[in-house]
Amino acid sequence: MTDILLSLSGLTKAYPGVVANDDVSFDIGTGEVHALLGENGAGKSTLVKMIYGLVKPDSGEMTLRGRSYAPAEPRAARADGIAMVFQHFSLFDALNVGENIALGMEQPPRMRDLADRIRAVSETYGLPLDPFRVVGDLSAGERQRVEIVRCLLQDPKLLIMDEPTSVLTPQEVDILFATLRKLRADGTSILYISHKLEEIRRLCDTATILRLGRKVGTCVPRDTTARDMAEMMVGSSLKTPQRAGRDLGPVALELQGFSAAAPSAFGTALKKVEFRVHAGELLGIGGVAGNGQDELLAVLSGEIRGTEGSLRLKGADIGGLGPRARRAAGLLTAPEERLGHAAAPNMSLTENAMLTGAVRERLETRGFLKWGAARAFATRIIAGFDVRTPGPDNAARSLSGGNLQKFVIGREVLQRPEVLVVNQPTWGVDAAAAAAIRQALLDLAAGGAAVVVISQDLDELMEICDRFGALNEGRLSPTRAVGDLSVEEIGLMMGGAHGMEVADV
Amino acid sequence: MDLTAINPVLLVASLMVAATPLLLAAIGELVVEKSGVLNLGVEGMMIVGAICGFAMAVESGSPMLGFAAAAAGGALLSLLFALLTQVALANQVASGLALTLFGLGLSALLGQGYVGVKPPPSPRLDLPGLSDLPVVGPILFGHDPILYLGVVLTACVWVMLKFTRAGLILRAVGESHDAAHALGYPVVRIRILAIMFGGACAGLGGAYISLIRVPQWTEGMTAGIGWIALALVVFASWKPWRALLGAYLFGGVTVMQLNLQAAGVAIPVEYLAMSPYLVTILVLVILSADRSGAPAALGRIFHASN
């Protein structure tokens, strides 16, 4: 082990009603890539915020290069050589790359000099960037580059990365890892937060595992299996989703050559999208965010109305029908955005259950609501999907992301869909809840329903899906059986290599 | 009808006077909105500025002291708005509307003793030689200092927003307060300062009406200029020079239609009276077709909890 850069001892931080961090201690060595692992709510973010000076610890202390370290604000942390790349990008869409970077610096040079430095640093680390492009026009990977370059320009000693790969294609992940390895070789320490265990095994030297705010273990990721690390995170043995052998039925849903203009200025136009999915089959649709996923879901849910004959459900034309009629026919959807799209934040779980369940669960008669039945339905979802909430009268907003996601998926699954379309079913959901949701989707397919999973999590798609297609700039690649695909081919599909030879089986 | 009675030189000179209250209020509100705050209380701050400035000028005999008091009064009232929206996290639309109603009432109360009083005259720029030039003299060199201040302020705000770090930070706060907070910028403090700047500008604009444009005090004398300023900021796409253009256009059509009325043009007075509003909004709507958007965090409440 090399010498220690940052040492944490006994860090504790409590919020009203919850202890976010309880007596956490560990060391980060110079030039070490240190992973911080844990489920949602394990206290990773709070810990990192204390290191970065956004939150003050209640007790405990930090030592940086042997000296006491207690940053009052991020500025002080940056001055001490600590830089952070945020999980949700902290960029300003309307400003250009150079301005965004200047905002993160204490003494920014003049814009022309800064542009030169940005170009120099981004070339050195293989992250090409144009300083004068407006950030709102950049892809997720490029936006992340902006954040990383912003940090690198300050010559950091410790770089904190919060879930950096969740929005990247495999190729972009490789580029990022190459950059991080180069940084490590230059003596920079990296604190890497993720719940993608395979990535941690590829990249990190040491891992600290948090559960419910406490440190529960340390391991060397290279020598530990992903399963062992996951079980340390969860604190119990983890159920891997079980895929039952099943027979494919007739075509359940068929979309034919569908094109649609972009619904908004920042939307994506769909170009001749077509696929078919059989009863009992799980179709995975991958792709980097913003390549038409939301629009595809809207087309299937009926929010974007199609033309007659464009969409067939078990042979019947439903292209011209609206969302309610489609639900009645058995095509259910769960969109990505939990608060505001899939659920109404300020309404209770009962009301939210009513919103999509009314048609199929007969929660209304002649326009009058059946509150008793709706409440029973909501209670059934809560019980069936282990939604942690005091009861069905709580507002959707009060649930954590993972719990609300379980509720949203459970609500659709329990309506016995013929075809279920979900977008990002496990986005921001911890390992145990994600496994439960995936299992529910698999069970649904085993029961004879067709399931379309739109997701940016490739591991998830590879784990549960039978066939895979990728969206790129509104085009859907031909779908292919998952078993025949290599990572390189998936990357090419996501990157939009349409001319690729297609072995459609 | 006698259109020859309209003197183009005097017309231009007086349109600048007519436009200045609107310009001052709009520039202030532009800065406020750039920081991500929507203050609908411009009208209230203007009228409070109008009476504060008027009262101080009458009592002290110095119009310049009056303007200083107007700026202070407007800023003080805006501080109330800042406390409500930035500290108590109240809804900005409701708070702004309340501020206008409160300002109208407060100004009527303060102004009770000043109806019918004449304020001291404001000094005019008088550069020997230059001010006597034909055409150029009355248009460029014959005005009061506050009018020039309005133009200088527009230039300063433009330079500040476009070329300085302070302006960049202000825009950043208005674009995404969460990201700005994550980088360690004091979002609330920056916004309170912006709100106070907006209040001071609105106060100056109000006092310009009561001390120079219509040198007297009457209740509700700002007559909706604050609302026009709000619309102007939006239609000017949050760009200072466009706000200036819009304000001068509005002032120009206002003065023009008054002249036309005086000249006895055969158009009903009501149509002439509505023409400044119509023309200004029409032109600015056409100009704002380039879709430079509003500050992304405009009107959203910031709380540093997460």
Side-chain angles (χ1 to χ4, degrees), chain A residues 15-16 20 41 45-46 48-49 52-56 71-80 82-96 98-112 114 134-136 143 146-147 150-151 154 160 162 264-266 400-401, chain B residues 30-31 33-37 89 91 158-191 194 233-234 236-240 288-306:
Chain A
Y15 289 111
S45 297
T46 309
V48 165
K49 282 179 183 170
Y52 195 57
L54 278 167
V55 170
K56 277 193 194 58
E73 51 174 357
R75 220 169 277 243
R78 286 200 293 265
D80 279 328
I82 293 185
M84 177 157 171
V85 176
F86 291 89
Q87 178 180 9
H88 301 291
F89 300 125
S90 60
L91 295 178
F92 305 94
D93 283 357
L95 307 182
N96 70 30
E99 288 173 328
N100 264 285
I101 289 175
L103 277 167
M105 301 174 79
E106 294 312 317
Q107 302 287 331
R110 294 171 41 155
M111 201 43 90
R112 234 175 313 138
L114 183 62
V134 174
V135 165
R143 294 166 65 101
V146 179
E147 292 234 32
R150 174 158 79 185
C151 293
Q154 299 170 69
I160 304 172
D162 194 354
S264 70
F266 294 104
S400 74
Chain B
L30 189 144
V31 170
E33 294 195 12
K34 271 288 183 189
S35 81
V37 178
L89 306 182
N91 179 297
W158 174 67
V159 169
M160 205 270 299
L161 287 176
K162 198 168 165 77
F163 298 108
T164 70
R165 182 159 174 80
L168 179 60
I169 293 171
L170 185 87
R171 283 189 287 145
V173 167
E175 200 55 44
S176 165
H177 45 223
D178 293 322
H181 175 67
L183 289 173
Y185 292 106
V187 174
V188 171
R189 200 186 316 159
I190 289 168
R191 285 189 169 166
V233 173
V234 175
S237 308
W238 293 269
K239 292 186 171 122
S288 63
D290 67 353
R291 287 174 178 275
S292 19
L298 184 61
R300 279 173 42 212
I301 289 176
F302 168 71
H303 187 247
S305 60
N306 30 31

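Just so it is clear, the model here is predicted, and its values are computed rather than measured. A, B, ... follow the sequence lines: proteins, then strands. Residue 1 opens every chain. Reckoned from all heavy atoms, side chains included, excluding hydrogens, waters and symmetry mates.
Smallest separation of non-hydrogen atoms from B:A182 and A:P74: O-CG, 3.9 Å. Considering all non-hydrogen atoms of both residues, A:F92 and B:S176 come closest at CE2-O, 3.4 Å.
Looking at B:A297, there are no atoms closer than 4.5 Å to chain A (heavy atoms on both sides), in backbone or side chain. For chain B, the nearby part of A:L95 is the side chain; its heavy atoms alone come within less than 4.5 Å. For a residue to count as touching a neighbouring chain, one of its non-hydrogen atoms must lie under 4.5 Å from one of that chain's; by this rule A:A77 does not touch chain B.
Chain A forms the most heavy-atom pairs under 4.5 Å with one residue out of B:A296, B:G184, B:P295, and that residue is B:G184.
Contacts of B:L89 classified as side-chain contact (heavy atoms from CB on, under 4.5 Å), with partners at least two apart in sequence or in another chain: B:I301, B:H303. Take A:Y52 and apply the ring pair (Phe, Tyr, Trp, His ring centres under 6.0 Å) test, not counting sequence neighbours, and it matches A:F86.
Contact annotation: the side chain of B:Y185 approaches that of A:R75 to within less than 4.5 Å [non-hydrogen atoms, C-beta and beyond].
Within 6.0 Å of atom CZ in B:R165, more than 12 heavy atoms from other residues, nucleotides or ligands are found, so the atom counts as buried in its surroundings.
Side-chain N or O atoms of A:R78 include one that pairs as donor or acceptor with a backbone N or O of B:L183 at under 3.5 Å.
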